[in-house]
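Residues: numbered from 1 along the sequence shown. On a predicted model such as this, the values are computed, not experimentally measured, just so you know.
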Amino acid sequence: MRFSSFPPICARIMQIPGHIDPITTGTVPLRGGNRVDLVGLTREGIRGALEEAGLDAKAAKLRGKQIWHWIYHRGVTEFDAMTDIAKTMRPWLTERFIVGRPTVVTAQVSNDGTRKWLLAAADGQEYEMVFIPDADRGTLCVSSQVGCTLNCRFCHTGTMRLVRNLSAGEIVGQVLLARDALGEWPKGTMASAPDADDEDDDAGHYTADGRMLTNIVMMGMGEPLYNFDEVKGALKIVMDGDGLALSKRRITLSTSGVVPMMARAGEEIGVNLAVSLHAVNKEVRDEIVPLNRKYGIEELLAACAAYPGANNARRITFEYVMLKDKNDSDADARELVRLLKQYKLPAKVNLIPFNPWPGAPYECSSPERVRAFSNRIFEAGISAPIRTPRGRDIMAACGQLKSAATKPTRAELDRIAEEKQAALG
Ligand code: SAH
Ligand code: SF4
């Protein structure tokens with residue numbers, strides 16, 4: 001898609017200028033009526049829920065451990081299938097608890113094999129997740145919020161009007177659902193007899209077969225560091241050794257630059273960091289990543305330099321969207337190299353050709369320009385691969401995610417009308 005005028009009127013009037021603060025989000029509704037959804041709780045949380053329901057401490061500890069294993073190692077959603085839990089206890093659990101999954105609204109497959117799911121939460125809020133298969137890996141792109149408050153000008157998600165944080169359960173639920181859809185929970189049977197009761201007998205035997213889902217990137221909808229606690233809770237579960245057991249080296253969290261949360265992300269979550277830099281001077285970054293008005297480039301790069309765990313073996317990825325005549329000159333490339341060297345950053349640069357969406361105010365740089373930009377950075381000794389767009393035909397590529405079904409409320413419509421008035425006046 002190409003645009004002749006810049007920026008087109010529709011993009012100018014739909015922008016919310018300077019809207020860069022996190023918004024207050026409502027509480028997450030219960031799925032399963034009065035029953036408690038165990039997905040997203042910590043191990044202690046599950047144990048506590050079982051105790052609250054009436055089990056004594058010892059039984060709650062044992063059952064909690066078994067249930068955890070069934071949920072996260074085996075992908076089981078029915079208590080009836082948890083064969084090492086006493087038959088009489090299973091209906092008791094079913095009455096009180098559920099092992100939830102997001103509802104799948106639509107599932108699409110791109111002609112390059114990329115898959116996109118539109119999911120619905122219990123309150124009907126919709127968010128998307130994307131699976132990108134490659135020769136040597138399979139990457140799940142996970143959402144952290146419904147929409148995003150940050151309004152980066154090149155990002156479709158930023159134009160969504162309805163925003164709420166996803167809960168840890170809704171975040172980890174995406175990973176569980178992906179493993180359901182890819183059919184890759186370990187097969188085989190537990191060794192314990194169906195009626196085994198009081199024994200701590202969850203050391204069953206099964207064969208864990210090869211996985212398609214090997215990597216996770218927090219690069220779907222939303223700014224993960226504006227939903228820190230829930231993202232942390234979800235990733236801790238994903239990394240738990242007796243469960244999904246993904247290594248922190250296979251998980252990447254991408255932030256647009258929420259500086260005050262970056263050190264905590266490194267210390268408390270410890271996954272790889274990707275930073276959406278996208279511009280090398282204040283004027284351009286202020287325009288395309290409005291959060292820059294709050295946390296500027298210098299502050300951001302200093303926080304990157306201090307990121308716990310970053311070193312030459314675990315580099316920070318700097319994402320850079322290629323926007324024609326906006327941030328793509330040789331001078332920009334040179335300045336990018338200078339900044340990365342000035343802050344002594346163990347860095348790699350990921351060049352993302354801009355993915356268009358209806359009404360977007362930018363164009364993608366030409367392939368020659370992207371290559372030239374990449375070469376300038378490579379010449380300075382910094383890796384700068386060009387990311388191949390995936391799933392563009394189903395609007396699954398970076399920055400294209402937006403729930404089509406989002407309906408603005410009356411208050412939202414009023415706000416949009418006011419903004420239009422202000423922009424025109
Ligand atoms: N909110 C986080 C993570 C989600 S976006 C962040 O901004 O980092 C994942 C990446 O896609 C970010 O680098 C983002 O800037 C980039 N992106 C957004 N819109 C895009 C578009 N239309 N084309 C290409 N990349 C885009
Ligand atoms: Fe939000 Fe990231 Fe999109 Fe910016 S690029 S609007 S931070 S999802």
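A distance-only check finds no donor-acceptor pair linking the side chain of E267 to the backbone of P308 [under 3.5 Å]. Without hydrogens or angle criteria, R390 side chain to D112 main chain gives a donor-acceptor distance under 3.5 Å. Put simply, the side chain of R285 gets close to the backbone of L277: a donor and an acceptor are under 3.5 Å apart. Of the possible donor and acceptor atoms, one in the side chain of R315 sits under 3.5 Å from a partner among the backbone N and O of N312. In this structure, the side chain of Y320 engages the main chain of N327 through a donor-acceptor pair within 3.5 Å. Within the 3.5 Å criterion, the main-chain N or O of V284 finds a donor-acceptor partner in the side chain of N281. Formation of a donor-acceptor pair under 3.5 Å by the K236 side chain with backbone atoms of E268 is found in this model. Within the 3.5 Å criterion, the main-chain N or O of G100 finds a donor-acceptor partner in the side chain of D37. A side-chain donor-acceptor contact under 3.5 Å links Q174 to the backbone of S143. Checking side-chain atoms of N355 against main-chain N and O of P389 turns up no donor-acceptor pair under 3.5 Å.
No side-chain heavy atom of Q66 sits under 4.5 Å from any side-chain heavy atom of M82. Contact annotation: the side chain of M262 approaches that of L300 to within less than 4.5 Å [non-hydrogen atoms, C-beta and beyond]. Contact of the D123 side chain with the R164 side chain is registered, since non-hydrogen atoms from C-beta on lie closer than 4.5 Å. Using a 4.5 Å heavy-atom cutoff, the side chains of I46 and L50 are in contact.
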> Checking side chain to side chain contact (heavy atoms under 4.5 Å, CB included) for the pair V146/L166: CA distance, chi angles, key distance, verdict?
Replying inline: CA-CA 7 Å; V146 173; L166 291 175; 3.8 Å; yes
> So V289 and C152, side chain to side chain contact (heavy atoms under 4.5 Å, CB included) or not? Walk me through it.
Replying inline: CA-CA 5 Å; V289 183; C152 298; 4.0 Å; yes
>> With side chain to side chain contact (heavy atoms under 4.5 Å, CB included) as the criterion, how do R43 and D242 come out once you've worked through the C-alpha distance, each side chain's angles and the decisive distance to 0.1 Å?
In response: CA-CA 11 Å; R43 286 167 178 280; D242 183 28; 3.4 Å; yes
>> Checking K402 against M395 for the side chain to side chain contact (heavy atoms under 4.5 Å, CB included) test, could you report, in this order, the C-alpha distance in whole Å, the side-chain angles of both residues, the deciding distance, and whether it holds?
In response: CA-CA 9 Å; K402 174 178 175 169; M395 293 285 284; over 6 Å; no
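Residues F97 and A53 share a closest heavy-atom pair of CZ-CB, 3.9 Å. In terms of heavy-atom proximity, P353 sits nearest to I386 at CG-CG2, 4.0 Å. Closest approach of I382 and A347 over heavy atoms only: CG2-O, 3.8 Å. Here the closest non-hydrogen pair linking N111 and D393 is N-OD2, 3.0 Å. Counting all heavy atoms, side chain and backbone alike, S256 lies closest to L291 at OG-CD2, 3.7 Å. Of all heavy-atom pairs spanning V275 and C304, the tightest one is CG2-SG, 3.7 Å.
We find that R47 and E44 are not joined by a salt bridge, their nearest charged nitrogen and carboxylate oxygen being 4.0 Å or further apart. Under a 4.0 Å N-O distance rule, the pair R376/D332 does not qualify as a salt bridge. Under a 4.0 Å N-O distance rule, the pair R369/D330 qualifies as a salt bridge.
We find the CG-CE distance between L177 and M129 to be 4.5 Å, quoted to the nearest 0.5 Å. Expressed to the nearest 0.5 Å, how far CZ of F373 lies from CZ of R334 amounts to 10.5 Å. The CH2 atom of W68 sits 10.5 Å away from atom CG of L38, with the distance rounded to the nearest 0.5 Å. Here W185 contributes atom CH2 and L176 contributes atom CG; the two are 4.5 Å apart, rounded to the nearest 0.5 Å. Taken to the nearest 0.5 Å, the CE atom of M160 stands 12.0 Å off from the OH atom of Y127. One distance of note links OG of S167 with CG of D229; it measures 12.5 Å at 0.5 Å rounding.
Of the options L345, V280, I377, a side-chain contact (heavy atoms from CB on, under 4.5 Å) to L340 is made by L345 and by none of the others. Exactly one of L336, L339, L301 qualifies for a side-chain contact (heavy atoms from CB on, under 4.5 Å) with F318. That residue is L301.
The number of heavy atoms from other shown groups lying within 6.0 Å of CD (E335) is above 12.
Using a 30° and 60° split on the angle between ring planes, F154 and H278 fall in the perpendicular class, above 60°.
A donor and an acceptor atom, one from each side chain of T255 and E223, are located under 3.5 Å apart.
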